[in-house]
Visitor: 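Before I ask anything, let me first share the structure, which is written out below as structure tokens.
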Amino acid sequence: MTAFKSDFLRLLQERGFIHQISDPESLDALAAKGEVVAYVGYDCTAPSLHIGHLLSIMILHWLQQSGNKPIALMGGGTTRVGDPSGRDETRKLLTYDQIDANKESIKGVFAKFITFGDGKTDALMVDNAEWLARLNYIEMLRDVGRHFSINRMLTMDSVRMRLEREQELSFIEFNYMILQSYDYVELARRYGCNLQMGGSDQWGNIVNGIDLGRRMGTHQLHALTCPLLTTASGAKMGKTAAGAVWLNADMLSAYDYWQYWRNTEDADVERFLKLFTTLPLAEIARLAALRGQEINEAKKVLATEATALIHGRTLAEAAAETARKTFEEGAVGGSLPTVDIAAAELQEGIGVLGAFVRAGLVASNGEARRQIKSGGLRVNDVAVTDDKATLSPADLTADGVIKLSMGKKRHVLLKIA
């Protein structure tokens, strides 16, 4: 294990963030002097980032905490092209209005982790549309394109895997790595940026940017990648049966976010505490030493601390209390996800299959029927046995809600709007 001198790299190493570094000694020396200006790029393909992005956001946090400067780069320009990395098919091209709306929607999450301003270590938020949208194609080919070897581009994983599988790679996607490399050069020239960070699948693209910077006369540039996370069982982080684990509250409630972390596999608890909370390492070591049923207490701490970073301490603790009441007391927790229904609609009767679909607990009536056959759906903690049953005002509890459950850990409340 490398003995780093800078707080930044030492901290990343201790917490398990480092996969590869292009020039460790040089970067360590810059970080020790507080002279690292680092960026991570985020394309605007959806209205929210998801926890797959959280690892790099945490690195930006620790970068600033150790006295260096972070840049959050919004991909207003690159999203118009689409990153082919890790994909088997071409991304759907979004309209410029969709990209702009997504960009505005995802901006807010960064202020929860890094501080923006005009100071030496204050973070910057920059949009690469500022320079990419104004590029002249002929000038781009002459000034930037000439530095790229098609032979080398064809060896990049994002390209090679598509070709080997005989899956189409559009010309517009093929250009993505050139634009990403050019981002690095522009950020170096405009803001003194000297480090690009990202997931390990971005290594080739980042190194291309370092090479382009050398050819175009920038100062020395560096690369740092973090591991692409999978759970101990090999599953990809950030995906559930219900879909992506979004960071925006309007796309995933604090309670559902808390539950995602509470369901962490035993073997992942220590690693996730290091990566996704700001708890001191000594406290993490204490929690990691818990065994048997006590490991569940460590999972609750993980869930609450991770949720507090995104949703705030109050909502995180409310989610923990709701879970406690729901699972330990059998009561209806106040912060369970809710779906509003009209009183008149309930009076007429709501089919149980449709109710579970509306609650987002199942994707279709067919899935609801399959769950009923296996005993997986419950109304007010009573198993549903008849797929033709309807919900009526008689099903309202004393709290004025109808509790729908799938399995032991997923619950939604229907309430009168």
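Quick caveat, the model's predicted, so the values are computed rather than measured.
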Visitor: Counting C-beta onward and ignoring hydrogens, is there a side-chain heavy-atom pair between Leu73 and Tyr184 closer than 4.5 Å?
Guide: no
Visitor: Given side chains that start at C-beta, do those of Leu224 and Leu12 come closer than 4.5 Å, heavy atoms only?
Guide: yes
Visitor: Looking at Glu130 and Arg190, is any side-chain nitrogen of the basic one under 4.0 Å from a carboxylate oxygen of the acidic one?
Guide: yes
Visitor: Going by an N to O cut-off under 4.0 Å, is there a salt bridge joining Lys373 and Asp387?
Guide: no
Visitor: Is the Phe276 to Trp261 ring centre distance short of 6.0 Å?
Guide: yes
Visitor: For a side chain to side chain donor-acceptor pair (under 3.5 Å) check, start with the C-alpha distance between Ser56 and Tyr42, then their side-chain angles and the critical distance, and finish with the verdict.
Guide: CA-CA 10 Å; Ser56 64; Tyr42 300 90; 2.8 Å; yes
Visitor: How far apart are the closest heavy atoms of Val357 and Ser364, and which atoms are they?
Guide: CG2-C, 3.5 Å
Visitor: Do Tyr182 and Glu186 have side-chain atoms, one donor and one acceptor, less than 3.5 Å apart?
Guide: yes
Visitor: Do the non-hydrogen side-chain atoms of Met197 and Cys226 ever get within less than 4.5 Å of each other?
Guide: no
Visitor: Does Thr390 reach the side chain of Ile350, with side-chain heavy atoms less than 4.5 Å apart?
Guide: no
Visitor: Determine whether the side chains of Glu265 and Thr231 contain a donor N or O and an acceptor N or O closer than 3.5 Å.
Guide: yes
Visitor: Is there a donor in the side chain of Ser22 and an acceptor in the side chain of His222, or the other way round, less than 3.5 Å apart?
Guide: no
Visitor: Would you check if the side chain of His219 reaches a backbone N or O of Cys193 as a donor-acceptor pair within less than 3.5 Å?
Guide: yes
Visitor: Looking at CD of Glu270 and OG1 of Thr264, how far apart are the two atoms once the value is rounded to the nearest 0.5 Å?
Guide: 13.0 Å
Visitor: Within the side chain of Asp43, is there an N or O that forms a donor-acceptor pair under 3.5 Å with the backbone of Thr45?
Guide: no
Visitor: Indicate yes or no: at least one non-hydrogen side-chain atom of Val40 is less than 4.5 angstrom from one of Ile59.
Guide: no
Visitor: Are Glu283 and Val301 packed together at the side-chain level, in the sense that at least one heavy-atom pair is separated by less than 4.5 angstrom?
Guide: no
Visitor: Between the side chain of Asp268 and the main-chain N/O of Ala232, is any donor-acceptor distance below 3.5 Å?
Guide: yes
Visitor: Among side-chain atoms of Gln196 and Gln202, is any donor-acceptor pair under 3.5 angstrom?
Guide: no
Visitor: Do Val126 and Met74 pass the side chain to side chain contact (heavy atoms under 4.5 Å, CB included) test, and can you show the C-alpha distance, the side-chain angles, and the key distance before you say yes or no?
Guide: CA-CA 6 Å; Val126 184; Met74 298 291 98; over 6 Å; no
Visitor: Less than 4.5 Å apart, side chain to side chain, heavy atoms only: is that true for Thr277 and Ile284?
Guide: yes
Visitor: Taking atom CD of Glu305 and atom CH2 of Trp258, what is their separation to the nearest 0.5 Å?
Guide: 12.0 Å
Visitor: Would Phe116 and Phe110 count as a close aromatic pair, with their ring centres under 6.0 Å?
Guide: no
Visitor: What verdict does the side chain to side chain contact (heavy atoms under 4.5 Å, CB included) test give for Thr278 and Met58, after you've listed the backbone C-alpha separation in whole Å, the side-chain angles of each residue and the deciding distance to 0.1 Å?
Guide: CA-CA 9 Å; Thr278 57; Met58 290 300 297; 4.2 Å; yes
Visitor: If we count only N and O atoms by modelled type, under 3.5 Å, do the side chains of Thr78 and Asn128 hold a donor and an acceptor together?
Guide: yes
Visitor: In terms of side-chain heavy atoms, does Ser105 have a donor or acceptor partner in Asn248 at a distance below 3.5 Å?
Guide: yes
Visitor: Restricting to non-hydrogen atoms, name the atom on Ile295 and the atom on Leu287 that form the minimum distance, rounded to 0.1 Å.
Guide: CD1-O, 4.4 Å
Visitor: Start with the C-alpha gap between Ser6 and Asp28, add the side-chain angles, then the distance that decides, and say whether side chain to side chain donor-acceptor pair (under 3.5 Å) holds.
Guide: CA-CA 6 Å; Ser6 67; Asp28 193 29; 2.6 Å; yes
Visitor: Verify side chain to side chain contact (heavy atoms under 4.5 Å, CB included) between Gln259 and Tyr255, making sure each step is shown before the conclusion.
Guide: CA-CA 6 Å; Gln259 277 295 331; Tyr255 176 81; 3.3 Å; yes
Visitor: Tell me yes or no: between the side chains of Gln220 and Asp23, is some donor less than 3.5 Å from an acceptor?
Guide: yes
Visitor: In plain terms, say whether Lys107 and Glu104 are close enough for a salt bridge, that is, a side-chain N and a carboxylate O under 4.0 Å apart.
Guide: yes
Visitor: For the backbone of Ala288 and the side chain of Arg291, can you confirm whether one donor and one acceptor N or O come within less than 3.5 Å of each other?
Guide: yes
Visitor: Using every non-hydrogen atom in the two residues, find where Phe17 and Lys274 come nearest and quote the distance to one decimal.
Guide: CE1-O, 4.1 Å
Visitor: Is a donor on one side and an acceptor on the other found under 3.5 Å between the side chain of Arg10 and the backbone of Lys5?
Guide: yes
Visitor: Are the side chain of Lys112 and the backbone N or O of Ile310 linked by a donor-acceptor pair below 3.5 Å?
Guide: yes
Visitor: Rounded at 0.5 Å granularity, tell me how far CZ in Phe8 sits from CD in Gln65.
Guide: 12.0 Å
Visitor: Are Trp62 and Asp7 linked by a side-chain donor-acceptor pair shorter than 3.5 Å?
Guide: no
Visitor: So how far is it from Tyr257 OH to Leu252 CG, rounded to the nearest 0.5 Å?
Guide: 8.5 Å
Visitor: Are the side chain of Thr79 and the backbone of Gly75 linked by a donor-acceptor contact shorter than 3.5 Å?
Guide: yes
Visitor: Just how far is it from atom CZ of Arg378 to atom OG1 of Thr385, taken to the nearest 0.5 Å?
Guide: 13.5 Å
Visitor: If you take the centroid of each ring, where Trp contributes its six-membered ring, are Tyr191 and Tyr39 closer together than 6.0 Å?
Guide: no
Visitor: Is the closest side-chain donor-acceptor distance between Gln293 and Asn296 under 3.5 Å?
Guide: yes
Visitor: Determine whether Glu367 and Arg370 satisfy the following criterion, salt bridge (Lys or Arg N to Asp or Glu O under 4.0 Å), listing intermediate values before the conclusion.
Guide: CA-CA 5 Å; Glu367 184 184 348; Arg370 289 191 294 274; 5.2 Å; no
Visitor: What heavy-atom pair brings Ala123 and Gln64 nearest, and what distance separates the two atoms?
Guide: N-NE2, 3.4 Å
Visitor: Taking Ala316's backbone N and O only, do any of them form a donor-acceptor pair with Thr307's side chain (distance below 3.5 Å, no angle check)?
Guide: no
Visitor: Can you name the closest pair of heavy atoms from Thr121 and Gly67 and give their distance?
Guide: CG2-O, 3.4 Å
Visitor: Is a donor on one side and an acceptor on the other found under 3.5 Å between the side chain of His50 and the backbone of Ala244?
Guide: no
Visitor: Sub-3.5 Å donor-acceptor pair from the side chain of Lys69 to the main-chain atoms of Gly119, do we have one?
Guide: yes
Visitor: Rounded at 0.5 Å granularity, tell me how far CG in Asn205 sits from CE in Met177.
Guide: 6.0 Å
Visitor: If you look at every heavy atom in Ala355 and Leu391, which pair is closest and at what distance?
Guide: CB-CD1, 3.7 Å
Visitor: Could you tell me whether the side chain of Asn68 reaches within less than 4.5 Å of the side chain of Leu30, counting heavy atoms only?
Guide: no
Visitor: What verdict does the side chain to side chain contact (heavy atoms under 4.5 Å, CB included) test give for Leu221 and Leu195, after you've listed the backbone C-alpha separation in whole Å, the side-chain angles of each residue and the deciding distance to 0.1 Å?
Guide: CA-CA 6 Å; Leu221 304 180; Leu195 172 63; over 6 Å; no
